[in-house]
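What follows is one structure encoded as structure tokens, with my remarks underneath.
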Amino acid sequence: MNIAFFLLPKSEVITTTLQTTLRQTLERMEYHRYTAVPILSDDGHYVGTVTEGDLLWFLKNSDGIGFDNAHRHMLAEVPLRVQNKPVHIHADMVDLIDLAKVQNFVPIVDDSDKFIGIVRRSEIIEYCAKQMIFKSPSAAGER
């Protein structure tokens, strides 16, 4: 099945940029209750994903940086621990399953490698569950 059916479009995804301050990033994630947010370049390319853990470890391991002065530091300073891999819009749902094991969402890019949205892990799990139920012998009345 084409992943376009499961796509949460860019217009509905909370994103950030490397030029966003740490404070803005933290506040945006807190407000929307997200544990990870895609980072986009100024021209709309997917750069990576920042997680709560990335921000926490950066604040913990940086002398003199705390929430009180987080507005003076940019997201570009934060090392990202994990590189979430995007997939192209023409991929199939099967292509997303391995990524979904370790990512809350899978970033989706178009043919120009521009970010166009995400597929949430919950959508992938729901798709897999329906496939298992549909293909199970007991669901088809077989024994």
Side-chain angles (χ1 to χ4, degrees), residues 1-62 65-67 69-143:
M1 175 166 282
N2 189 306
I3 62 173
F5 294 108
F6 302 96
L7 183 74
L8 182 65
K10 178 181 176 178
S11 61
E12 297 178 29
V13 177
I14 303 304
T15 63
T16 191
T17 69
L18 293 173
Q19 292 72 42
T20 305
T21 68
L22 295 182
R23 184 179 185 125
Q24 290 169 324
T25 303
L26 287 162
E27 289 176 344
R28 186 172 292 157
M29 291 173 76
E30 178 186 30
Y31 179 80
H32 293 284
R33 297 183 169 266
Y34 290 143
T35 59
V37 178
I39 305 169
L40 304 184
S41 66
D42 291 336
D43 61 354
H45 287 89
Y46 172 74
V47 175
T49 297
V50 63
T51 67
E52 289 176 326
D54 295 331
L55 299 170
L56 175 66
W57 293 117
F58 178 74
L59 292 172
K60 177 193 173 287
N61 295 321
S62 300
I65 301 177
F67 189 72
N69 64 359
H71 63 284
R72 295 189 185 122
H73 299 275
M74 299 297 136
L75 186 56
E77 299 174 49
V78 177
L80 305 178
R81 292 175 300 127
V82 177
Q83 182 59 41
N84 284 8
K85 296 178 183 173
V87 299
H88 285 87
I89 188 64
H90 303 295
D92 289 322
M93 185 59 84
V94 174
D95 299 326
L96 304 182
I97 294 172
D98 277 340
L99 295 175
K101 290 188 293 190
V102 294
Q103 298 177 195
N104 292 341
F105 57 85
V106 179
I108 309 300
V109 296
D110 65 13
D111 291 334
S112 301
D113 286 329
K114 298 267 185 156
F115 178 83
I116 59 171
I118 63 172
V119 175
R120 295 178 175 146
R121 179 169 38 201
S122 60
E123 296 286 336
I124 297 166
I125 292 170
E126 187 174 315
Y127 169 81
C128 292
K130 286 180 182 176
Q131 293 301 308
M132 290 173 58
I133 291 169
F134 179 72
K135 291 181 180 181
S136 77
S138 60
E142 300 173 12
R143 292 210 186 252

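Counting heavy atoms of neighbouring residues, nucleotides and ligands inside a 6.0 Å radius, atom CD of Glu30 does not exceed 12 of them.
Considering every non-hydrogen atom in both Pro107 and Lys85, the closest pair reads CD-O, 3.7 Å. Shortest non-hydrogen contact noted between Ala70 and Thr21 is O-CB, 3.9 Å. Closest approach of Tyr34 to Ile14, counting heavy atoms only: CE1-CG1, 3.5 Å. Pairing each heavy atom of Ala100 with each of Val106, the nearest pair is N-CG2, 4.4 Å. Contact record, Thr49 with Leu80: O-CD2, 3.7 Å, taken as the closest heavy-atom pair. Arg81 and Gly53 get closest at one heavy-atom pair: NH2-CA, 3.6 Å.
Between the side chain of Lys114 and the backbone N or O of Asp43 there is at least one donor-acceptor pair closer than 3.5 Å. Between the side chain of Thr20 and the main chain of Gln24, no donor-acceptor pair closer than 3.5 Å is present. Listed for the Asp54 side chain is no donor-acceptor partner under 3.5 Å among the backbone atoms of Val50. When atom types are taken as modelled, the side chain of Tyr46 and the backbone of Gly117 share no donor-acceptor pair closer than 3.5 angstrom. With hydrogens and angles ignored, the 3.5 Å screen pairs no side-chain donor or acceptor of Arg121 with any backbone N or O of Phe105. Panel note: side chain Arg28, backbone Thr15; a donor-acceptor pair is recorded below 3.5 Å. Between the side chain of Ser62 and the main chain of Ile65, no donor-acceptor pair closer than 3.5 Å is present.
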Do Val109 and Val87 pass the side chain to side chain contact (heavy atoms under 4.5 Å, CB included) test, and can you show the C-alpha distance, the side-chain angles, and the key distance before you say yes or no?
-> CA-CA 6 Å; Val109 296; Val87 299; over 6 Å; no
Checking side chain to side chain contact (heavy atoms under 4.5 Å, CB included) for the pair Val82/Asn84: CA distance, chi angles, key distance, verdict?
-> CA-CA 6 Å; Val82 177; Asn84 284 8; 3.6 Å; yes
Show the numbers, then the answer: is there a side chain to side chain contact (heavy atoms under 4.5 Å, CB included) between Leu75 and Leu55?
-> CA-CA 9 Å; Leu75 186 56; Leu55 299 170; 4.0 Å; yes
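Here the CG-CG distance, from Leu22 to Leu59, works out to 6.0 Å after rounding to the nearest 0.5 Å. To the nearest 0.5 Å, atoms CG (Leu26) and OG1 (Thr16) are separated by 10.0 Å. Considering NZ of Lys101 and CD1 of Ile125, their distance stands at 12.0 Å, rounded to 0.5 Å. Remark: Tyr127 OH to Lys130 NZ distance equals 11.0 Å, nearest 0.5 Å. Atom CE of Met74 is separated from atom CZ of Arg23 by 13.0 Å, given to the nearest 0.5 angstrom. Rounding to the nearest 0.5 Å places CD of Gln103 at 11.5 Å from OG1 of Thr51.
Taking 4.5 Å as the limit, some side-chain heavy atom of Val13 sits within range of a side-chain heavy atom of Phe115. Two residues are said to be in side-chain contact when any heavy atoms from C-beta on lie closer than 4.5 Å; Val119 and Ile108 meet this criterion. At a threshold of 4.5 Å between non-hydrogen side-chain atoms, the residues Asn69 and Arg72 count as touching. For the pair Ile3/Ile89, a side-chain contact is recorded, criterion being any heavy-atom separation below 4.5 Å from C-beta on. Side-chain contact between Val78 and His73 is absent, with no heavy-atom pair separated by less than 4.5 Å.
No donor-acceptor contact under 3.5 angstrom links the side chains of Asp95 and His88, judged on distance only. A donor atom on one side chain and an acceptor atom on the other are not found under 3.5 Å apart for Asp42 and Thr17.
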